[in-house]
Amino acid sequence: MAPGDVLDGTVGPGFHWRDQTREKYRKGYGRWLTFLVMQGWLEPDVCAADRITPERVRLYCDELISQDVGSWTLWGRLAELLAALKAMAPEYDFNWLRKIVPRLEANTVDKRNKLERLQPADRLLDWAITRLDNLLEPPPMRDSHVAFRDALMVGLLSCCPVRLGNLSMIEIDNQLRRTEQGFLLRFTSDETKTSHPMTMPVAQSLTSYLDHYLDAVRPQFLITGKTERLWITRYGLPMRDNAMHAAITRTTERAFGKPINPHLFRDCAATFVALEDPEHVRLTAPLLGHIDPRATERHYIQANQIVAGRRIRASVAQLRSKLTPNSRTRP
């Protein structure tokens, strides 16, 4: 990760990694080191590249599978291991591992039943506005300021489905800006996962609620100290990613019966654009910051699955109505 000159080759292979990427690879490589320690294979005098063999990787996968990790996690662990090794030992040949990682990615299976939890983006926004209106009615309910904050996060994600890291970093007058037309979210290239700047207008229907949150609700959280972060805990501290994840999933589960985690809002937006306006499905790529067209294609496939499910249910219902005898003609 050492800085240097790209032209003379002195820059470290991992220098360009973002902080989140570095942390991800650090944890992934740490899992590998833990496995080596447990097996008694962490030889102090052996370099990182020489510790890895196909047999050890096979046993490492078996160990992960025995811990009941999903296929996505298994693929992620090996992808993190490969990335770390390529940076630490770029002169070594890891072609055998490079072949394994894409094979695992192709065989990943999402067991989280995302389709069952998807909601149309407009329904999410309508629910948030109704909830916010109810919380504004007197008398105030207990912890109404917490409930208002959580409902506003749901509303904001419904129209601006940013990644959780971007949602948590929002600062007033920095990433969140007030304009004559309403509020605007703006992230620089250094703040996005894809290294592309991103600008999103917040739905005008949320403008008055954001104003109320900034003027009346948010100050209730600021017990001590001062921060420009938009989202604050009940203890007056900026909300961390895990706290925001818990608040949003808890709120949506109460509202819709199934939890919708922050990242799933991106699926909701892309899938239902593909469902309602399939001709313009590729417009979701810049909306969500997708670079790989396969990401947009997955949402198009999900939309087709929803359409197919609707048609099957309609066909079954129509068939049953034909086969069920009319009660007035029964003897």
Side-chain angles (χ1 to χ4, degrees), residues 1 13-14 16-18 20-43 46-118 163-165 193-195 261 263-264 266-267 270-271 274 281-282 284-285 288-305 308:
M1 300 179 189
H16 65 282
W17 291 345
R18 296 181 177 275
Q20 290 181 338
T21 302
R22 293 182 179 186
E23 181 66 8
K24 181 176 69 171
Y25 292 163
R26 183 191 69 80
K27 290 182 177 179
Y29 190 67
R31 288 292 188 93
W32 166 251
L33 292 181
T34 301
F35 168 74
L36 294 179
V37 170
M38 298 300 293
Q39 300 294 330
W41 293 336
L42 188 61
E43 306 94 336
V46 176
C47 71
D50 289 335
R51 294 194 189 111
I52 182 169
T53 65
E55 181 61 27
R56 288 184 176 184
V57 169
R58 187 179 298 109
L59 293 173
Y60 180 47
C61 292
D62 292 341
E63 175 69 17
L64 292 172
I65 294 172
S66 69
Q67 298 173 7
D68 199 28
V69 303
S71 56
W72 278 106
T73 303
L74 180 62
W75 163 73
R77 292 289 173 257
L78 288 196
E80 292 156 2
L81 175 60
L82 176 60
L85 288 170
K86 285 167 59 179
M88 290 189 289
E91 71 279 5
Y92 277 71
D93 182 9
F94 293 111
N95 282 333
W96 61 271
L97 186 55
R98 287 190 178 97
K99 294 178 181 178
I100 293 175
V101 171
R103 289 174 187 170
L104 286 177
E105 183 182 13
N107 293 328
T108 53
V109 177
D110 195 339
K111 299 181 179 179
R112 296 171 294 179
N113 295 323
K114 290 198 298 184
L115 284 177
E116 295 181 0
R117 295 182 288 145
L118 291 180
R163 291 181 170 88
L164 182 58
K193 180 180 179 180
T194 58
S195 299
N261 58 285
H263 196 79
L264 198 57
R266 299 169 60 78
D267 286 75
T271 299
V281 64
R282 297 198 180 278
T284 62
L288 302 180
H290 288 161
I291 295 179
D292 191 339
R294 292 178 299 176
T296 305
E297 183 179 356
R298 284 195 295 267
H299 298 300
Y300 185 75
I301 293 173
Q302 285 182 169
N304 286 339
Q305 291 174 340

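Position 1 is the first residue of the sequence; numbering continues from there. Values below: all heavy atoms of this structure, side chains included; hydrogens, waters and symmetry mates excluded.
L64 is not listed as a side-chain neighbour of F35, based on a closest heavy-atom distance of 4.5 Å or more. Two residues are said to be in side-chain contact when any heavy atoms from C-beta on lie closer than 4.5 Å; I100 and L82 fail this criterion. Here the side chains of R117 and N261 are in contact, with some heavy-atom distance below 4.5 Å. Residues S71 and L104 form no side-chain contact, since every pair of their non-hydrogen atoms from C-beta on lies 4.5 Å or further apart. The side-chain heavy atoms of R18 and S195, taken from C-beta on, include a pair separated by under 4.5 Å. Counting only heavy atoms from C-beta outward, the side chains of R163 and R266 approach each other to under 4.5 Å. When side chains are defined from C-beta on, V69 does not count as touching W75, because their heavy atoms never get closer than 4.5 Å. Using a 4.5 Å heavy-atom cutoff, the side chains of E80 and K24 are in contact.
R51 pairs by the salt bridge (charged side-chain N to carboxylate O under 4.0 Å, His left out) definition with nothing, not counting sequence neighbours.
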Is there a side chain to side chain contact (heavy atoms under 4.5 Å, CB included) between L36 and Y60? Walk through the geometry before answering.
CA-CA 9 Å; L36 294 179; Y60 180 47; over 6 Å; no
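Atom CD of Q20 has 12 or fewer neighbouring heavy atoms from other residues, nucleotides or ligands inside a 6.0 Å radius. Within a 6.0 Å radius of CZ in R56, more than 12 heavy atoms belonging to other residues, nucleotides or ligands are found.
With rounding to the nearest 0.5 Å, the separation of CG in L74 from CD in Q67 is 10.5 Å. With rounding to the nearest 0.5 Å, the separation of CG in L81 from CZ in R31 is 12.5 Å. Taken from SG in C61 to CZ in R77, the straight-line distance is 12.0 Å, to the nearest 0.5 Å. Rounding to the nearest 0.5 Å gives a distance of 10.0 Å between CG of N107 and CZ of R103.
Under the salt bridge (charged side-chain N to carboxylate O under 4.0 Å, His left out) criterion, no residue pair touches residues 91-102, with sequence neighbours excluded.
A donor-acceptor contact shorter than 3.5 Å links the side chain of T34 to the backbone of G30.
Between G14 and A87 the shortest heavy-atom distance is N-CB, 4.5 Å. Shown here for W17 and R22, the closest heavy-atom pair between the two residues is O-NE, 3.2 Å.
Of the listed residues (Y92, Y29, Y25, W32), just one forms a side chain to side chain contact (heavy atoms under 4.5 Å, CB included) with L85, and that residue is Y29.
When only modelled atom types and interatomic distance are considered, T53 and R58 share no side-chain donor-acceptor pair under 3.5 Å.
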